[in-house]
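Counting from 1, the numbers follow the sequence of the chain as shown.
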Amino acid sequence: MALPFLPGNSPNERLGKEKFHKSQHFDYSSGVPMLVGSEKPGIGGEHLVGQEIKSKYSVYPIGSGTGLPPWVTFDKQVLCFDAYFQETVPEAQSETYRIRKCKIYFFLEDDTIQVVEPEYKNSGIPQGTLIRRHRIPLPPPNEGQFYNLFHFNINQQMKLYSRTFTVTDCDAFTRNFLTKRGVHVNNPTTVPEDPYSSLREQLKKSMQPLRPYERHDTLKQFLDHDRKVLRFYCFWDDSQSIYVDLRELILHYFLVDDTIEIREVIPPNSGRDKVNKFLRRCRLPKHVPAKVKQPGEITDRTVLNVLTSSTMGNRYILDSLKTGAVHEEFYKDCDLIIGGEVNVWGRRVILADCDDFTKHYYHSKYGIEDFTPLQYKAPPAPKPLRPVPPYNGFGSEEDSLSFCQRLLPKPPRKDFQKFMEKDRYGLDSKVLNFQAKMITADPVDRERVFIISFYLSDDTISVFERPQKNSGVLGGKFLERGRVKKPGQELFKSQLSQYFTAQDLYVGGTLCLNSINFQLLDADEYTFKYMEQHAEEFPRANMGIIISKLRSLSEEKQSEIRKFLTLSDPSNTGFIPFESIRSLLLGLDCDLSEHEVLVLGRCFSERKQTQVDVGKILFSSDCGHEVQKNGFLCGWYLLSRFADGDEIDYHAFLAGINWLEHPAPPVMPEDTLKLLIASPASKPKLIAQSLLNYSAVLKKLQGKPSK
């Protein structure tokens with residue numbers, strides 16, 4: 001039942017619509033207004049009545065599973081088909097039709113087609129791109145549609161505009177792609193024979209050109225052996241000349257074109273003129289002809305004279321059999337071997353050796369393994385010694401030696417690597433400080449105290465004298481920093497002098513600086529630690545060497561040491577005073593220096609910490625003196641008293657320094673002594689007051705000797 005045509009009963013076509021734009025149907029083309037929007041939709045993008053919109057995309061689904069557009073999914077993917085078409089030739093006697101082969105390319109990204117005909121030599125027709133790349137419409141009556149993927153198959157005909165193409169075959173990618181899309185690909189068919197092309201091939205084979213083209217394909221040899229050269233070291237035995245000598249040569253064989261180049265090795269001061277090449281690069285013949293060929297005698301082609309007439313002139317033909325050609329044998333890589341001879345235009349050149357690349361080439365290609373070089377010259381004579389004149393006293397010895405080594409002298413080079421490794425870095429000074437006294441009979445000089453500093457960066461030494469009150473001697477700099485020669489060396493000599501090194505300085509040793517003898521009495525804590533940490537550089541601080549010396553003592557001395565330890569420790573506690581064992585080792589002449597004994601004591605000594613009241617530390621006058629000297633308020637002891645593992649109990653620390661609530665007791669003189677004894681600055685000086693764990697030393701001696 002139809003509703004009456006009344007307001008409210010008719011459907012609203014605009015209900016639910018959101019787009020009401022209108023397409024542009026008119027435009028100017030070459031200045032002429034015309035209708036250009038026949039394929040454009042109506043209002044809101046809807047099709048007009050009876051309007052058919054041509055497809056703009058391939059029928060193949062857009063990127064299955066990825067949602068990408070076709071121009072991304074099928075980028076650079078092309079289907080290739082082999083095809084041919086028959087062209088009629090109406091005005092020719094030798095042919096009536098022609099079969100023309102071509103390639104059909106279908107681009108999957110936009111359904112465009114391109115037809116290309118391969119170019120043939122001397123075809124006489126325009127070839128190349130027959131149909132440029134674009135979308136090709138179907139033949140009538142479906143001219144509103146375009147060719148797509150499913151219109152292609154093998155062994156079928158396709159009409160592209162006015163030509164009918166027959167598809168014969170396709171490549172593997174195309175066959176696989178069509179099969180996956182559900183297209184049954186037919187079997188390939190053959191291309192019919194072109195009569196005119198067959199006739200041209202027969203004529204080409206029967207032709208005898210006056211100048212036949214002989215192709216010598218050397219491209220493969222060039223690609224395989226480009227920039228590869230065999231090198232042989234050889235010599236020319238020129239014994240028949242006036243000056244009987246051997247001429248050293250280097251033979252280069254270029255694998256790219258089988259050419260040989262020879263260069264001569266001219267030693268210095270030989271009296272010979274230096275030439276660029278002994279033999280320029282060329283193909284070297286094996287047999288030297290008796291007479292050198294004139295230019296034109298050796299040619300690539302042979303000409304036969306078949307007719308000679310004064311009226312008709314001369315007639316020539318090419319000799320295809322090459323009966324009069326001159327054949328020459330040239331040296332190849334197989335002819336070159338160590339110990340063999342090469343005839344270089346009458347000169348006898350003998351191959352003596354080759355480089356590593358040449359050995360590898362002959363081993364891989366010919367299986368040769370024996371590459372023993374040929375000895376052809378005597379070993380070089382030893383170079384005569386160049387005596388150095390003795391030092392004359394001007395400048396340093398190194399600077400004077402540089403004047404004797406070269407005409408243009410250079411300043412002596414310093415050890416920059418050692419300077420970078422041993423120079424001061426932050427708080428690490430890299431300076432060894434020793435306390436020393438002068439060895440002399442003068443009572444005034446015996447009381448003088450010196451600080452000897454050795455700088456590891458450049459092996460220099462400086463001496464500073466401590467000022468003492470009422471001594472009558474001014475303190476300060478005693479010796480400027482510099483390298484110091486060892487005593488007992490001749491001044492004017494050819495060899496360089498020996499200087500003091502870091503290994504020459506140790507506690508207990510004697511040092512002669514500019515004819516003044518010093519005895520090293522002590523060293524600071526940094527010096528002891530540095531020498532112990534670098535024991536491989538300082539034998540006096542190497543615990544392994546010290547233990548080895550104790551193991552090598554005689555049985556008599558070892559029994560005397562055991563007897564002394566038994567008497568010194570009757571209760572068998574395992575500890576004895578260090579001063580006792582020090583006096584024993586130095587008195588027995590155990591080949592141990594005082595520095596080695598101190599290192600032994602530092603390694604095996606144990607000292608009990610003295611307990612000091614915190615209040616006395618904080619409010620004693622000596623603690624204030626330590627603040628001025630060391631720059632910290634006895635923090636080394638305070639932190640240890642209030643430390644709980646890795647944390648500090650600052651509540652207890654604040655309560656301890658509150659002198660109003662916790663007044664400090666009076667400080668006695670013995671408390672000050674305890675404070676100074678507990679200071680870490682006095683630790684190296686208190687080794688003599690500590691106890692030596694001799695039981696640990698005995699266990700170390702009974703162990704396996706260190707290598």
Check whether any side-chain N or O of His360 sits under 3.5 Å from a backbone N or O of Phe357 as a donor-acceptor pair, and report yes or no.
no

Minimum side-chain heavy-atom gap Tyr233-Ile250 below 4.5 Å:
yes

Kindly say whether Pro195 contributes a backbone atom to a donor-acceptor pair with the side chain of Tyr97 at under 3.5 angstrom?
no

Under 3.5 Å, side chain of Glu46 to main-chain N/O of Pro41, donor-acceptor pair present?
no

Worked check of side chain to side chain contact (heavy atoms under 4.5 Å, CB included) between Asp333 and Lys365
CA-CA 10 Å; Asp333 56 349; Lys365 184 175 182 179; 3.0 Å; yes

Taking the side chain as C-beta and beyond, is there a heavy-atom pair between Ile262 and Ile260 under 4.5 Å?
yes

Exceeds 12 heavy-atom contacts within 6.0 angstrom, atom OH of Tyr120:
yes

Minimum heavy-atom distance Cys354-Lys359, with the two atoms named
SG-CG, 3.4 Å

Could Arg281 and Asp257 be called an ion pair, given the rule that one side-chain N must be under 4.0 Å from one carboxylate O?
yes

Of all the heavy-atom pairs spanning Val275 and Ile266, show the shortest one and how long it is.
N-CD1, 4.1 Å

Identify the two heavy atoms, one from Val167 and one from Ala83, that lie closest to each other, and give their separation to 0.1 Å.
CA-CB, 4.0 Å

Cationic N near anionic O, under 4.0 Å, Glu87 to Arg98
no

Is there a donor-acceptor pair closer than 3.5 Å between any side-chain N or O of Tyr161 and the backbone N or O of Ile136?
no

Are more than 12 heavy atoms, taken from residues, nucleotides or ligands other than Phe416, located less than 6.0 Å from that residue's CZ atom?
no

Which heavy atom of Ser23 sits nearest to which heavy atom of Gly42, and what is that distance?
OG-O, 4.0 Å

OG1 (Thr218) and NZ (Lys220) are apart, to the nearest 0.5 Å, by 12.0 Å

Fit a plane to each ring of His252 and Phe254, take the angle between them on a 0 to 90° scale, and name the class: parallel (under 30°), tilted (30 to 60°) or perpendicular (over 60°).
perpendicular

Measure the shortest side-chain to side-chain distance between Leu178 and Leu79 over non-hydrogen atoms and say whether it is less than 4.5 angstrom.
yes

Measure from the side-chain N and O atoms of Lys228 to the backbone N and O of Asp224, and report whether any donor-acceptor pair falls under 3.5 Å.
yes

Please check this pair: side chain of Asn186 against backbone of Ile154, looking for a donor-acceptor N/O pair closer than 3.5 Å.
yes

Do other residues, nucleotides or ligands put more than 12 heavy atoms under 6.0 Å from Lys17 NZ?
yes

Got a sec: does the CG of Asn276 have more than 12 other heavy atoms crowding it under 6.0 Å?
no

Is any side-chain heavy atom of Asp111 closer than 4.5 Å to a side-chain heavy atom of Phe146?
no

Would you say Arg163 and Leu130 make side-chain contact, with heavy atoms under 4.5 Å?
yes

Has His134 got a side-chain atom pairing as donor or acceptor with Arg132's backbone, closer than 3.5 angstrom?
yes

Thr358 side chain vs Leu230 backbone, donor-acceptor pair below 3.5 Å
no

On the 0 to 90° scale, with breaks at 30° and 60°, tag the Phe74-Phe177 ring pair as parallel, tilted or perpendicular.
perpendicular

Reported CD-to-CG distance for the pair Glu264 and Leu279, which is rounded to 0.5 angstrom
12.0 Å

Indicate yes or no: does Glu109 engage Arg133 in a salt bridge with an N to O separation below 4.0 Å.
yes

Rounded to the nearest 0.5 Å, what separates atom CE in Met420 from atom OH in Tyr425?
10.5 Å

Any side-chain heavy atom of Tyr366 within less than 4.5 Å of one from Cys334?
yes

Measure the NZ-CG distance between Lys40 and Leu35 for me, rounded to the nearest 0.5 Å.
9.5 Å

To the nearest 0.5 Å, how far apart are CD1 in Ile99 and OH in Tyr196?
15.0 Å

Does the side chain of Arg247 come within less than 4.5 Å of Ser270's, by heavy atoms?
no

Taking Glu143 for the side chain and Gln145 for the main chain, is one N or O donor matched with an acceptor at less than 3.5 Å?
no

Atom CD of residue position Gln405 - does it have more than 12 heavy atoms of other residues, nucleotides or ligands inside 6.0 Å?
yes

Salt-bridge test for Glu328 and Arg283: reply yes if a basic N is under 4.0 Å from a carboxylate O, no otherwise.
no

Tell me whether Lys22 at atom NZ has more than 12 heavy atoms from other residues, nucleotides or ligands lying less than 6.0 Å away.
no

What's the spacing between Cys80 SG and Gln114 CD if we round to 0.5 Å?
10.5 Å

Between Ile113 and Ile131, is any pair of side-chain heavy atoms under 4.5 Å apart?
no

Between Asp258 and Tyr331, does the side chain to side chain contact (heavy atoms under 4.5 Å, CB included) criterion hold? Intermediate values first, please.
CA-CA 8 Å; Asp258 300 329; Tyr331 279 102; over 6 Å; no

Mind running side chain to side chain contact (heavy atoms under 4.5 Å, CB included) on Leu374 and Asp353 for me, showing each step along the way?
CA-CA 7 Å; Leu374 182 64; Asp353 199 0; over 6 Å; no

Minimal non-hydrogen separation, Lys277 against Arg280, with atom names
CD-CA, 4.2 Å

Is the backbone N or O of Tyr147 less than 3.5 Å from a side-chain atom of Arg135, with the two atoms forming a donor-acceptor pair by type?
no

Gln86 and Thr88: side chain to side chain contact (heavy atoms under 4.5 Å, CB included), yes or no, with the steps?
CA-CA 7 Å; Gln86 182 175 339; Thr88 304; 5.6 Å; no

Can you label the angle between the Phe152 ring and the Phe106 ring as parallel, tilted or perpendicular, going by 30° and 60°?
tilted

Identify the two heavy atoms, one from Lys101 and one from Val191, that lie closest to each other, and give their separation to 0.1 Å.
CE-CG1, 3.9 Å

